[in-house]
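Throughout, a chain's letter reflects where its sequence line sits, starting with A, and its residues are numbered from 1.
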There are 2 protein chains.
Amino acid sequence: MSITSAATLATLDRSGPRRITDLAVIEGVTQPAMTVLVRVMEESGLVERRGDASDKRVTLVCLTKAGTSYVQTRHQTGVDAFARLIDELTDDEVEALVAALPALAHLAELESQDQEGSKR
Amino acid sequence: MSITSAATLATLDRSGPRRITDLAVIEGVTQPAMTVLVRVMEESGLVERRGDASDKRVTLVCLTKAGTSYVQTRHQTGVDAFARLIDELTDDEVEALVAALPALAHLAELESQDQEGSKR
DNA sequence: GAGAGATACATAAAGCATTCATATAAATAT
DNA sequence: ATATTTATATGAATGCTTTATGTATCTCTC
């Protein structure tokens, strides 16, 4: 399971079914790489490919139940690990972090837009 | 320049000359991968290999001037990019971030120890 | 001191993820 | 109707990494 595969599954979990070309742009890889990646994950049962009635060229990539379960399990694992780290902080430290969450979220948003910009 | 190469250069910048096996452990790759990586970077002029008088088996990997310059340029690029993001925050947001820096640093430290633990 | 076992690193082959090049089909523009 | 663009598939090449293995050196035990 490569980084790009995992990221692609997370993207699908977040945003729902996407075209292969969309996913390639979002994940910063070439279209053929995404085509192969999707095929491998389809064979693993994590995603399925569907056509698009409005455009016969398009393949829509959708998470399967197994795929969704996989993503959510991984996400929960990350959340749990983070919680364990947070548990080791002092109350003051936690408070400061909580107070900084809006700023951190804003930073993440700005960074995300930056990445989109630089890909265009 | 792979992620592992860049990370290895940063490690050398931070910690000084290291053995190939140390670097492999630190960067989470196998020893042969690190051997090859170091050779490639040596050929690029970014590192040099030195023996160790106390143990003839050992190769110590050291940054060259060009390597140091490369690492510091990349670091500054990252700092500049981050500063541009910070410039887009409100004063309140910046304040909250500054107040949270000790907590963030502590988190990073804990996470770093976690990673070391899981590699052993 | 000799030999066994462990350690450090080099080298080759294999595997995996990705890009580049190209082809086919469908959609859009002229 | 034709030219151009878009969406995706496929094959070949490339780069990074792991696995397997070999050589040299060091350390420990007898």
Side-chain angles (χ1 to χ4, degrees), chain A residues 1-12 15-63 67 70-71 74 115-116 118-120, chain B residues 1-12 15-63 67 70-71 74 115-116 118-120:
Chain A
M1 173 63 71
S2 70
I3 286 180
T4 308
S5 299
T8 302
L9 292 175
T11 295
L12 289 169
S15 69
R18 305 292 307 229
R19 296 177 175 207
I20 282 176
T21 42
D22 284 346
L23 289 171
V25 169
I26 290 165
E27 305 304 337
V29 297
T30 59
Q31 170 262 312
M34 185 53 71
T35 298
V36 172
L37 183 155
V38 165
R39 187 171 68 216
V40 170
M41 288 196 294
E42 186 188 25
E43 286 162 6
S44 302
L46 297 171
V47 305
E48 64 189 0
R49 301 151 64 89
R50 293 188 192 144
D52 179 340
S54 62
D55 188 337
K56 290 196 173 21
R57 302 171 299 180
V58 169
T59 295
L60 286 173
V61 186
C62 321
L63 280 181
Y70 178 83
V71 171
R74 275 184 72 114
Q115 280 203 328
E116 274 186 37
S118 71
K119 276 173 191 157
R120 292 178 184 161
Chain B
M1 172 64 72
S2 70
I3 286 179
T4 307
S5 300
T8 301
L9 292 175
T11 295
L12 290 170
S15 69
R18 305 292 309 228
R19 296 176 176 207
I20 281 176
T21 43
D22 284 343
L23 289 171
V25 169
I26 290 165
E27 306 305 338
V29 297
T30 59
Q31 169 262 314
M34 186 54 70
T35 299
V36 171
L37 184 155
V38 165
R39 187 172 67 216
V40 171
M41 290 197 292
E42 185 188 26
E43 285 163 7
S44 302
L46 297 171
V47 305
E48 63 190 359
R49 301 153 61 90
R50 295 190 192 143
D52 179 341
S54 61
D55 187 337
K56 288 191 179 8
R57 300 171 300 180
V58 169
T59 296
L60 285 172
V61 186
C62 320
L63 279 182
Y70 178 83
V71 171
R74 274 185 72 118
Q115 277 204 330
E116 273 185 38
S118 72
K119 276 176 194 159
R120 293 179 184 159

Please list every donor-acceptor pair under 3.5 Å in which a side-chain atom of residues 37-46 of chain B meets a protein atom from a residue at least two apart or in another chain.
from: B/S44; atom 1: OG; to: B/V40; atom 2: O; distance (Å): 3.0

Pairwise 5' ranking along DNA chain D for A/D55 and B/R57, keeping only the more 5' one = A/D55
Using atom types as modelled, flag every donor-acceptor pair under 3.5 Å from a side chain in residues 17-26 of chain B to any protein atom, sequence neighbours excluded.
none

ask   = Atom CG of B/L60 and atom P of C/dT7: how far apart are they, to the nearest Å?
value = 19 Å
ask   = Which nucleotide in the set D/dT17, D/dA7, C/dC9 lies at the smallest distance from any side-chain heavy atom of B/V36?
value = D/dT17
inquiry  = How many whole angstroms separate atom CZ of A/R18 from atom P of D/dT8?
reply    = 12 Å
query = When rounded to the nearest 0.5 angstrom, what is the spacing between CD in B/E48 and CG in B/L60?
reply = 11.0 Å
message = Nearest whole Å is fine: how far is C/dA27 C1' from A/D52 CG?
response = 12 Å
request  = Examine C/dT11: is either OP1 or OP2 under 4.0 Å from a nitrogen or oxygen in the side chain of B/R39? Give yes or no.
outcome  = yes
request  = Name the residue closer to the 5' end of DNA chain C, choosing between A/K56 and A/A33 according to the nucleotide with the nearest heavy atom.
outcome  = A/A33
task = Look at the side-chain N and O atoms of B/S2 and state whether any lies under 4.0 Å from the OP1 or OP2 oxygen of D/dT17.
result = yes
ask   = Roughly how far, to the nearest 0.5 Å, is CD of A/E27 from OG1 of A/T4?
value = 7.0 Å
ask   = Under 4.0 Å: is that the gap between some side-chain N or O of A/T35 and OP1 or OP2 of D/dT8?
value = no
note = Ranking C/dA8, D/dT18, D/dT10 by distance to the side chain of B/V29, first place goes to D/dT18
ask   = Can you find a pair of side-chain heavy atoms, one from A/L9 and one from A/M1, that are under 4.5 Å apart?
value = yes
ask   = Which residue, B/L37 or B/Q31, contacts DNA chain D at a nucleotide closer to its 5' end, judged by nearest heavy atom?
value = B/L37
Dump every N/O contact between nucleotides 2-5 of chain C and the protein below 3.5 Å, one line per pair.
none

note = Checking C/dA27, D/dT18, C/dT19 against the side chain of A/T30 (C-beta onward), the nearest is C/dT19
task = Quickly work out the A/R19 CZ to C/dA25 P distance and round it to whole Å.
result = 19 Å
inquiry  = What is the separation between atom CE on A/M34 and atom P on D/dT10, rounded to the nearest whole Å?
reply    = 17 Å
Between D/dT17 (P) and A/M1 (CE): distance, integer Å = 19 Å
request  = To the nearest Å, give me how far apart CD (B/E27) and C1' (D/dC16) are.
outcome  = 14 Å
remark   = Separation of C/dA8 atom C1' from B/I20 atom CD1, nearest Å, is 9 Å
message = By nearest heavy atom, map A/I3 and B/P32 onto DNA chain C; which one lands nearer the 5' end?
response = B/P32
query = Reckon B/S5 touches a base, only the sugar-phosphate, or nothing at all at heavy-atom distances under 4.0 Å?
reply = nothing
